Amino acid sequence: MLANQPVGYWTGLAHDAVTRHLRDAMARVDVTQPQYWVLNRVNGGPEAPGRDEVVAQLTHLADGPYEIPRVIDQLLHRRWLRTDADRRLHLTDDGEAARVRVRELVTGLRATVHAGISDEEYVAALKVLRRMVSNIG
């Protein structure tokens, strides 16, 4: 019976449930998922990125074209980000501390989501999904 069920239904259900679980947990510590994306992106390269670069790299994940610019403004206001003379973005000490705290939270959430699922099962599921995407283009 399972082999005849639509993958789109189950992938959509899984996406919604995992995203809701993650965002609810982040809300309890006053952080949003897009804020976490920005903190990671600003932290994650050899050079400090500019605002436009961060916006370009993360907008495809966001709920619309204005979300990432707003998040950058929120993080600047919170003093989790700062800009330098070249208008490049940097994490402040408070921003780095927040990024580390949320990373620990996300790691714990991942463990909850993956409970009872071996790494082999998880990898197999991802390979199947990747193959399906490849099959249709």
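Side chains included, hydrogens not; waters and symmetry mates left out as well; all remaining heavy atoms used. Remember, it's a predicted structure, so these values are computed and weren't measured experimentally.
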Engineer: Give a yes or no on whether Leu129 and Val18 share a hydrophobic cluster (residues Ile, Leu, Val, Met, Phe, Trp, Tyr; joining criterion: side-chain heavy atoms under 4.5 Å apart).
Structural biologist: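 No, Leu129 does not connect to Val18 through the hydrophobic network.
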Engineer: Does CG belonging to Asp84 count more than 12 external heavy atoms closer than 6.0 Å?
Structural biologist: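 Count over threshold, so yes.
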Engineer: Less than 4.0 Å between a side-chain N and a carboxylate O, is that true for Arg87 and Asp52?
Structural biologist: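 Looking at Asp52 and Arg87, the cut-off is not met.
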Engineer: Side chains of Ile68 and Trp37: does their closest heavy-atom pair fall under 4.5 Å?
Structural biologist: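 In short, these two side chains touch, coming nearer than 4.5 Å.
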Engineer: Could you walk me through whether Arg70 and Glu67 pass the salt bridge (charged side-chain N to carboxylate O under 4.0 Å, His left out) test, one step at a time?
Structural biologist: CA-CA 5 Å; Arg70 287 181 187 134; Glu67 184 171 30; over 6 Å; no
Engineer: If we ignore hydrogens and angles and just use 3.5 Å, is the side chain of Thr11 paired with the main-chain N or O of Val7 as donor and acceptor?
Structural biologist: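 Side chain of Thr11 to backbone of Val7: a pair is present.
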Engineer: What's the separation between atom CG in Leu91 and atom CG in Leu75, rounded to the nearest 0.5 Å?
Structural biologist: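 Atom-to-atom, Leu91:CG and Leu75:CG are 9.0 Å apart.
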Engineer: Nearest 0.5 Å, please: how far is CZ in Arg99 from CG in Asn40?
Structural biologist: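 Rounded to the nearest 0.5 Å, the CG-CZ separation comes to 5.5 Å.
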Engineer: So that I can tick it off, tell me whether Arg23 and Asp63 are bridged by a salt bridge, with the cut-off set at under 4.0 angstrom between side-chain N and carboxylate O.
Structural biologist: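 Yes, Asp63 and Arg23 are salt-bridged.
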Engineer: Could you state the interatomic distance from CE (Met26) to CG (Asp24), rounded to the nearest 0.5 Å?
Structural biologist: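 Reported value, rounded in 0.5 Å steps: 11.0 Å.
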Engineer: Can you name the closest pair of heavy atoms from His21 and Val113 and give their distance?
Structural biologist: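 So the two residues come closest at CD2-CG2, 4.3 Å.
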Engineer: Can you name the nearest heavy-atom pair linking Thr59 to Pro65, along with the distance?
Structural biologist: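 Heavy atoms of Thr59 and Pro65 come nearest at CG2-CA, 3.8 Å.
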Engineer: Does a side-chain heavy-atom distance below 4.5 Å link Thr32 with Gln35?
Structural biologist: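 Sidechains of Gln35 and Thr32: in contact.
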Engineer: Which atom names give the shortest non-hydrogen contact between Pro69 and Val55, and what distance separates them?
Structural biologist: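 It is CG-CG2, 3.9 Å.
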Engineer: Tyr36 ring centre to Arg101 NZ or CZ under 6.0 Å, with the angle to the axis within 45°?
Structural biologist: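 Arg101 over Tyr36 ring: no.
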Engineer: Going by heavy atoms in the side chains, are His114 and Asp119 under 4.5 Å from each other?
Structural biologist: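 Sidechains of Asp119 and His114: no contact.
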Engineer: Tell me, do Asp94 and Arg79 make a side-chain contact under 4.5 Å, heavy atoms counted?
Structural biologist: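 No - every pair of side-chain heavy atoms lies 4.5 Å or more apart.
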Engineer: Flag the pair Leu39 / Val102 as yes when at least one side-chain heavy-atom distance between them is below 4.5 Å, and no otherwise.
Structural biologist: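 The answer is no; the side chains never approach within 4.5 Å.
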Engineer: So which atom in Arg88 and which in Gly50 form the shortest heavy-atom distance, rounded to 0.1 Å?
Structural biologist: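 In terms of heavy atoms, the two residues are closest at NH1-N, 3.0 Å.
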Engineer: Using a 4.5 Å cut-off on heavy atoms from C-beta on, say whether the side chain of His90 contacts that of Leu81.
Structural biologist: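 No. Closest side-chain heavy atoms not under 4.5 Å.
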Engineer: Run the salt-bridge test on Arg51 and Asp73 with the 4.0 Å N-O cut-off and return the result as yes or no.
Structural biologist: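 Here Arg51 pairs with Asp73 in a salt bridge, since their nearest N and O are under 4.0 Å apart.
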Engineer: With rounding to the nearest 0.5 angstrom, report the CZ to CD distance, Arg103 to Glu96.
Structural biologist: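 It comes to 11.5 Å.
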Engineer: Counting only heavy atoms not in Gln5, do more than 12 sit closer than 6.0 Å to its CD atom?
Structural biologist: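 Yes, CD of Gln5 has more than 12 neighbouring heavy atoms, counting only those of other groups under 6.0 Å.
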Engineer: Determine, using the 4.5 Å side-chain heavy-atom cutoff (strictly less than), whether Val29 and Leu109 are members of one ILVMFWY cluster.
Structural biologist: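 Per the 4.5 Å side-chain linkage, Val29 and Leu109 are co-clustered.
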Engineer: With rounding to the nearest 0.5 Å, note down the distance linking CD in Glu47 to CG in Asp86.
Structural biologist: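 Nearest 0.5 Å value for the CD-CG distance: 10.5 Å.
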Engineer: Determine yes or no for a side-chain-to-main-chain donor-acceptor pair under 3.5 angstrom, with Thr19 supplying the side chain and Asp16 the backbone.
Structural biologist: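 Not at all, since once roles are kept as given, no pair shorter than 3.5 Å links the two residues.
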Engineer: Any chain of hydrophobic side-chain contacts (each under 4.5 Å) joining Leu61 to Val38?
Structural biologist: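 Same hydrophobic cluster.
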Engineer: Report the C-alpha distance between Arg78 and Asp30 in whole Å, list the side-chain angles of each, state the deciding distance to 0.1 Å, and finish with yes or no for side chain to side chain contact (heavy atoms under 4.5 Å, CB included).
Structural biologist: CA-CA 11 Å; Arg78 246 181 151 154; Asp30 196 27; 2.7 Å; yes
